[in-house]
2 protein chains.
Amino acid sequence: MSDKPTTIKEIAKILKISVSTVSRALNDHSSIGLTTKMRVKKLASELNYEPNQKAIQFLHGKSFIIGVILPELSESFFSTAISGIEDIAYKRNYTVLLAQSHDDAEREKLLVEKMKTQRVDGLLVSVSKTTSTYEHFEIFKRLNIPVVFFDRIPPIKDIHYVASNLETGTYEAVNFLLKKGHRTIGMINGPNTLVASHERKEGYIKAMLSNRLKFDPTLIINSDLTEAGTIEVMDNMLNHRRKPTAIVTFNDYVALFAIRYTRSLNLNGIDFVSYANLPIINYMDYTPIASVEQFPYKQGKKAADILIDLINKPKNESGADQAYFNVVVESVLVVNDPK
Amino acid sequence: MSDKPTTIKEIAKILKISVSTVSRALNDHSSIGLTTKMRVKKLASELNYEPNQKAIQFLHGKSFIIGVILPELSESFFSTAISGIEDIAYKRNYTVLLAQSHDDAEREKLLVEKMKTQRVDGLLVSVSKTTSTYEHFEIFKRLNIPVVFFDRIPPIKDIHYVASNLETGTYEAVNFLLKKGHRTIGMINGPNTLVASHERKEGYIKAMLSNRLKFDPTLIINSDLTEAGTIEVMDNMLNHRRKPTAIVTFNDYVALFAIRYTRSLNLNGIDFVSYANLPIINYMDYTPIASVEQFPYKQGKKAADILIDLINKPKNESGADQAYFNVVVESVLVVNDPK
DNA sequence: TAATTTTGCGCAACCGTTTGCACACCAGTT
DNA sequence: AACTGGTGTGCAAACGGTTGCGCAAAATTA
């Protein structure tokens, strides 16, 4: 039955007309007579003709595919972000080639390579936690394939990115705790390699200073964000000469580790504030009292939009220095309902 | 600077040799002299030559892309499954085109259409909850593009699929509850359109009968799997003339809704058993006492493997009836640690 | 030295579609 | 009778790479 797919040539041969006429007829070109158009279309649908996209992509040098590399889909932030990306891609007639780095810098490099050989029209990246060099993205500049980073952006210049401004969110969070009467506020921060860690720290400091409180750097401790790492940091916090009455944690997962640990020690009374606002919070009995919401869906949408704009932008004519899109999605503090 | 990418033709022109020689040199063809090879390769790397994959895909009629359509990445089952799919695809040199139906049958149809125009080499599908017709997958048969269903498989014949056998898992689950002394066991089941609902019911019945207990059909109630639907079903359960002392729920999410609801009524003492074994269970204070684990990663891997095998299988020569892969991944009951 | 094999390379077709250009035909205008 | 203008169609090149076949020069053999 179903042999090779029908081509435009076969239609031409059967109808004894040229392939160009068939092509134009199918594309409703104005210079083709109505009767010819009808004949062609009728036969085409009878033969279940489907244009060979590979030929078309080749001809136009476009694939209508955007690549997305992100660390971990099981993290709620990313699975939500990908929905935003997908929705925009869908709307603008692109499809999404997906790959997870699992926070492994080596794998990320290989994935970038793969995206290159697939010749995606553009690339969306949220870099892995362990990535410390960024040359593997350079290739894309040479190939004139736009790259947009989102959320986890590399600390380098001349890139397009979309990220949330955690400084303002953190400022709000610390302010919120201060207003609640807390004076000793700890922070479990992430690795210094992450831009986001600096922003959190800055937000924290600014909130303290603007409330005329002195900033104690020993109350900010970096963690590797694992459960074991979190417990270690918590031990330090709890044995600190100024034991915090409230703690800002790097994200909801860290908050959950920390809360579970304090509860296992039968410690109560420490307020936690966190980032991300995970849906699982709704299922928990003991949760952060507030979270900084980062709007992953919105970030994903925005990043995809920028990427597709870049793809369709007329080439940088003058070869001049082009502008870089640096979009910041404001983060806001969401106070959780008390249970 | 970076103009159009280098092509094989330019290399040929510069070196004053033919394109075929360049092509063969780059592919280490045996009939090319060593010196020519060296010259070609040297120049190629100097010019940052990258073969145009679109041309190659066109030539071979292959894209090395597999499409994946699934309902919802934020469901842990699917985000884990996609990792399995991706890992296999990666290993076997394919990439993954992803799309979420968000459990919307209409959107699913459009996505199938898109996958078709992208001419994926194969398709992996977990159908949406609301899908009730399946003709949109027929096109792929005509185009000779293999389709493998996983987890949520449609109730039709002549398809390839990978799914877990929930009957055995359910049997184990009910047996487990019976051994614990429960005699009145409720079940919150899913819509009857899902194959999985039937399997659960069958497992339930078999466990009861094999323990010489009579099966009470009114203790199995179907739900739409939303929180509101779950609460409604729970109300029915709790007002049942035989109030269950244990309940088997369709999945962990339903279990969480149900548990939360019973706790809001200050009801204790009902044991819940569920499916999926979500990681968030670890963060919960009140959880199902056991879950049927369905091994999403394994299912994803298996499905991808089968799909790629099908893609690379020599065409069905005789046009004869080909075999369909129906793989069942056994599910097992995992008893949760008491907190 | 002539015949034969091997080595190294080029020619040209091909994959399916689009598109600039030419051309033939017919009608209406000078 | 020559000219203009539209209408409908076909020719052929182009996109970038692969590959069967042929052919010349060099190396081997008789």
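Lettering follows sequence order; numbering is per chain, from 1.
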- Atom NZ of Lys54(A) and atom P of dT18(C) are separated, to the nearest Å, by 16 Å
- Exercise: do Ser23(A) and Ser20(A) side chains pair donor with acceptor under 3.5 Å: no
- Task: Would you indicate whether Lys302(B), at its atom NZ, is surrounded by more than 12 heavy atoms from other residues, nucleotides or ligands within a distance under 6.0 Å?
- Result: no
- Query: Within the distance-only criterion (no hydrogens, no angle test), does the side chain of His60(A) pair as donor or acceptor with the backbone N or O of Lys62(A) below 3.5 angstrom?
  - Reply: no
- Message: Rounded to whole Å, please give me the gap between CG in Leu26(B) and C1' in dT18(D).
- Response: 12 Å
- Classify the ring geometry between Phe58(A) and Phe58(B) as parallel (under 30°), tilted (30 to 60°) or perpendicular (over 60°). parallel
- Task: For Asp28(B) and dC9(C), give me the distance from atom CG to atom P, rounded to whole Å.
- Result: 13 Å
- Can a side chain N or O of Asn52(A) be found less than 4.0 Å away from OP1 or OP2 on dC15(C)? no
- Item | Lys116(A) to Phe140(A) six-membered ring, cation-pi geometry met (6.0 Å, 45°) | no
- Query: How long is the span from the OG atom in Ser79(B) to the CD atom in Glu75(A), to the nearest 0.5 Å?
  - Reply: 10.5 Å
- Message: Given dG16(C), dT9(D), dT17(C), identify the nucleotide with an atom nearest to the side chain of Phe58(A).
- Response: dG16(C)
- Item | Atom pair distance, as rounded to whole Å: CG in Leu34(B) and P in dT7(C) | 13 Å
- Between Ser31(B) and Ala55(B), who's closer to the 5' end of DNA chain C by nearest nucleotide? Ser31(B)
- Query: Think Arg152(A) forms a cation-pi with Tyr161(A), using NZ or CZ under 6.0 Å from the six-ring centre and within 45 degrees of its axis?
  - Reply: no
- Query: So which of residues 6-19 of chain B are in contact with DNA chain D, with a heavy-atom cut-off of under 4.0 Å?
  - Reply: Thr7(B), Ile8(B), Lys9(B)
- Task: Please state how far atom CG in Leu59(A) lies from atom P in dT19(C), giving the value in whole angstrom units.
- Result: 7 Å
- Item | For DNA chain C, the residues among residues 35-45 of chain B that have a non-hydrogen atom under 4.0 Å from it | Thr36(B)
- Query: Does dT19(C) have OP1 or OP2 sitting under 4.0 Å from an N or O in the side chain of Ser20(A)?
  - Reply: no
- Minimum heavy-atom separation for Pro146(B) to Leu307(B), with atom names? O-CD1, 3.5 Å
- Message: Looking at the base of dG10(D), is there any donor atom on it, or on the side chain of Arg24(A), that sits under 3.5 Å from an acceptor on the other one?
- Response: yes
- Query: In whole angstrom, what separates Tyr49(B)'s OH from dG16(D)'s C1'?
  - Reply: 7 Å
- Message: Between His160(A) and Phe325(A) (side chain of the first, backbone of the second, donor and acceptor by atom type, cut-off under 3.5 Å), is there such a pair?
- Response: yes
- Just by distance, with hydrogens left out, do Ser83(B) and Thr80(B) show a side-chain donor and acceptor under 3.5 Å apart? no
- dG16(C) P sits how many Å from Arg119(B) CZ, rounded? 11 Å
- For atom NE2 of His60(A) and atom C1' of dA14(D), their distance in whole Å: 12 Å
- Look at Ser23(A) and dT18(C) and indicate whether a side-chain polar atom (N or O) is within less than 4.0 Å of OP1 or OP2. yes
- Task: Taking atom types as modelled, find out whether Gln118(B) and Thr95(A) have a side-chain donor-acceptor pair closer than 3.5 angstrom.
- Result: yes
- Item | DNA chain C: stems of at least 3 consecutive Watson-Crick or G-U pairs whose donor-acceptor distances fall under 3.5 Å | C:5-30 with D:1-26
- Message: Whether Thr21(A) contacts dG10(D) is assessed here as follows: a side-chain N or O lying under 4.0 Å from the phosphate OP1 or OP2. Is that the case?
- Response: yes
- Message: Keeping Glu108(B) on the side-chain end and Ser101(B) on the backbone end, is there a donor-acceptor pair under 3.5 Å?
- Response: no
